[in-house]
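Step one of this worksheet: look at the structure below.
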Amino acid sequence: PKRLVPRGYEKVTKQKASWRKANACSSVICEMHLRDFSISETSGVKKSYRGTYLGACQKGTRNAHGDVTCFDYLKRMGYNYVQLQPVFDHHKTYDKGGKLLYNWGYDPENYNVPDRQFAADQKNPVAPILELKKMIQAYHEAGMGVIMDVVYNHTYSSYSSPFQLSVPAYYYRMHDNGSFQDGSGCGNETASEKEMYRKYMIDSLTYWAEEFGVDGFRFDLMGLHDVATMNAIRSAMDDIDSRILLYGEGWDMGIGLPVDQKAKKDNAALMPRIGFFNDNARDAVKGAEVYGHISNGYVSGAPLEDQIAKSLLGSRGFVNYLMPGQVLNYIEAHDNYNLNDLMHHLHPHDSPEDIEKRIYLANALNLTMQGMCFMQLGQEFQRTKMVATGEDGNYTEADVKRAMNSYNAPDAINQVDWNQVTLKKDLVAKVAKLIERKQTVPELSYRSYADIYDNLYVAKAEYDSGIVELHISGKLRETFVFNNMKKDLEIY
């Protein structure tokens, strides 16, 4: 065990974890993929550390223009938490030359081991453990929590998986003919309602929380899990620290559970203090993207003022949430188009200035809505995944498909271009100010709907007016006016 502890490492305790937020609603979470984060030369990270655990916590990095990047940039922006896309051991594919091919990592193989590909030291067998612990401690020392993206809803293999070989047809939901149910779309779905798989999930999460000091967990396809298991997980995390965040994708998945047992968003009232990605607000703000079909949102001029009003007041008008802390507001994540690319798709004739205004409006709404706030790294500096490979710099159909679903696209598509923080310095500064307000202004992160309804009032949200006006009382006593029209307003 001593070999698994980095020099100078301090195990996280509830008493010392001051970076964890007592009020979940004041959380601003930044999602990132470890490789994307620092693999680009523009990151300023030293070459041997790019795309690694150590690269994600290297200090003093700057882009070609001298502006801070990576770890220092996250600190300057003021995020409370970073959410890491899968860093547990997951399935890998290689090209003919033996080179590892890119993948987001949503194909679990070993749930309880940090993935080796992110280690700077590829010779030491325990380097992934040591380096991840160093990275997490660096974020803690900087006042930021670390959230893991976990994928307990399916495994990479089915018939040959360790679970299936141990106890056939127990750990998975099966059809009557002995085939695997596939609500995940990945070949199988695990049976969280089975006593021993429930225990496995709890043991695994407890290990990450206690051994690595992880501060929260994002559950992939959480709607495939059952309500009782998610509540048992919440109880187990409370035994460690009630401030550990739990949230996930509450989509209605699969047919293996009765409707009232699914850990889906519509059953939020059955799962206190577990959060759900708020796709209602997401679609209202930026528009819906479903299997390639795209529709406009409020920032593109759609007459969705009423839905924006509900979103600003904590989205209880969409779902019977128990508390605002169950609402995870977001307008961009790793799935689908980046916000910048979506705006260019919807508004190909807009000027760069108008595109930026739409993006700022979307960010302003995201950071004003009651509940937690989730952002993908780069949405504040117009990160793009649209990379032209056609003749004369034209976009091909394949380029568009990769931008919408870049799970296995190369670094050229997924890497963060850190020069954008210079090119979009004014936009970055405005979003950073919104992040600060979200965290420090109590009226933007009420813990109860009673407080929201006592202190917030939507004065205007007339259909197709383009205007949503939010009055806030309390000590703040301010009025926010959201305007999706291409003209200035006189405020009386």
Side-chain angles (χ1 to χ4, degrees), residues 10-31 74-75 77-84 136-148 205-206 208-210 212-219 230-248 268-269 271-278 313-316 321-330 366-375 432-456 472 474-476:
E10 291 187 21
K11 195 165 185 177
V12 172
T13 63
K14 178 180 178 180
Q15 292 72 27
K16 292 185 178 181
S18 58
W19 54 86
R20 292 176 180 164
K21 303 294 290 183
N23 177 11
C25 295
S26 63
S27 301
V28 182
I29 301 161
C30 179
E31 180 192 42
L74 295 177
K75 285 197 298 182
M77 284 300 291
Y79 294 109
N80 305 108
Y81 295 93
V82 292
Q83 178 194 295
L84 307 176
I136 292 174
Q137 179 156 307
Y139 277 86
H140 289 168
E141 289 172 349
M144 288 180 280
V146 177
I147 295 168
M148 275 185 66
L205 292 161
T206 299
W208 284 109
E210 292 186 337
F212 287 82
V214 172
D215 304 289
F217 299 95
R218 176 264 189 194
F219 290 81
M230 291 309 303
N231 284 331
I233 290 169
R234 179 69 272 176
S235 178
M237 293 302 105
D238 285 348
D239 288 343
I240 300 170
D241 189 340
S242 61
R243 296 171 297 174
I244 290 175
L245 296 178
L246 299 179
Y247 57 85
M271 291 168 280
R273 295 176 45 249
I274 293 174
F276 300 83
F277 279 91
N278 186 4
L313 297 178
S315 291
R316 208 177 194 180
Y321 296 110
L322 295 174
M323 58 200 72
Q326 291 183 290
V327 182
L328 188 71
N329 296 309
Y330 75 116
N366 193 37
L367 284 155
T368 307
M369 294 172 181
Q370 296 291 323
M372 297 183 285
C373 179
F374 173 100
M375 301 171 66
K433 186 175 181 180
L434 291 171
I435 290 173
E436 180 186 16
R437 286 173 65 86
K438 173 66 175 171
Q439 295 173 354
T440 58
V441 177
E443 289 83 357
L444 297 181
S445 31
Y446 283 120
R447 299 191 193 201
S448 73
Y449 282 105
D451 284 340
I452 290 174
Y453 299 148
D454 284 347
N455 294 288
L456 271 62
I472 303 177
K475 293 182 180 179
L476 188 61

Original post:
Is the closest side-chain donor-acceptor distance between S315 and N278 under 3.5 Å?
Top reply: yes
Subject >> Minimum heavy-atom distance A17-D241, with the two atoms named >> reply: CB-OD2, 4.4 Å
Subject >> Distance, nearest 0.5 Å, that separates CZ of F212 from CD of Q137 >> reply: 13.0 Å
Original post:
Any side-chain heavy atom of M375 within less than 4.5 Å of one from I435?
Top reply: yes
Original post:
Taking side chain as C-beta onward, heavy atoms only, is L328 less than 4.5 Å from I29?
Top reply: yes
**OP:** Rounded to the nearest 0.5 Å, what's the gap from CZ on F217 to CG on L246? Could you check?
**Re:** 7.5 Å
Original post:
Taking the side chain from Q370 and the backbone from Y446, do they hold a donor-acceptor pair closer than 3.5 Å?
Top reply: yes
Subject >> Candidate pair Y247 and F219, rule ring pair (Phe, Tyr, Trp, His ring centres under 6.0 Å), full reasoning >> reply: CA-CA 6 Å; Y247 57 85; F219 290 81; 8.5 Å; no
Original post:
What closest approach, in Å, do G314 and V327 show between heavy atoms, and which atom pair accounts for it?
Top reply: O-CG2, 3.5 Å
Subject >> Approximate separation, where rounding is to 0.5 Å, of F374 CZ and R218 CZ >> reply: 7.0 Å
**OP:** Going by the side chain to side chain donor-acceptor pair (under 3.5 Å) test, name the single residue among R20, K438, Q439 that passes it with N80.
**Re:** Q439
Original post:
Which is it for N231 and I274 under the side-chain contact (heavy atoms from CB on, under 4.5 Å) test, yes or no, and what are the steps along the way?
Top reply: CA-CA 8 Å; N231 284 331; I274 293 174; 4.1 Å; yes
Subject >> Within-4.5 Å side-chain heavy-atom neighbours: I136 and V146 >> reply: yes
**OP:** Could you pull out all residues at least two apart from Y321 that satisfy ring pair (Phe, Tyr, Trp, His ring centres under 6.0 Å)?
**Re:** none
**OP:** Carefully, step by step, assess V82 and L74 under the rule side-chain contact (heavy atoms from CB on, under 4.5 Å).
**Re:** CA-CA 9 Å; V82 292; L74 295 177; 3.7 Å; yes
Original post:
Under the side-chain contact (heavy atoms from CB on, under 4.5 Å) criterion, do L84 and I147 qualify, and how do the steps go?
Top reply: CA-CA 6 Å; L84 307 176; I147 295 168; over 6 Å; no
Subject >> Ion pair check, R234 and D238, cut-off under 4.0 Å >> reply: yes
Subject >> Pair N366, N329: side-chain N/O donor-acceptor within cut-off below 3.5 Å >> reply: no
Original post:
How many angstroms lie between atom OG1 of T368 and atom CG of L444, to the nearest 0.5 angstrom?
Top reply: 6.0 Å
Original post:
Okay, side chain of Q326, backbone of A269: is any donor-acceptor separation there less than 3.5 Å?
Top reply: no
Subject >> Partners meeting side chain to side chain contact (heavy atoms under 4.5 Å, CB included) with T13 (sequence neighbours left out) >> reply: Q15, K16
Original post:
So among H140, Q83, K21, which one has a side chain to side chain donor-acceptor pair (under 3.5 Å) with D215?
Top reply: H140
Original post:
For C25 and G325, which heavy atoms make the closest approach, and how far apart are they?
Top reply: SG-N, 3.4 Å
Original post:
CG/L476 to CD/E443 distance, rounded to the nearest 0.5 angstrom?
Top reply: 4.5 Å
**OP:** Please round to the nearest 0.5 Å and tell me the distance separating atom CE of M372 and atom CZ of F276.
**Re:** 10.0 Å
Original post:
Could you go step by step and tell me if M323 and R273 meet the side-chain contact (heavy atoms from CB on, under 4.5 Å) rule?
Top reply: CA-CA 8 Å; M323 58 200 72; R273 295 176 45 249; 3.7 Å; yes
Subject >> Smallest separation among heavy atoms of Y449 and L313, with atom names >> reply: CE2-O, 3.9 Å
Original post:
Nearest heavy-atom pair of A24 and L245: which atoms, and what distance?
Top reply: CB-CD2, 3.8 Å
Subject >> For Y81 against S27, the heavy-atom pair lying closest together >> reply: CE1-OG, 3.6 Å
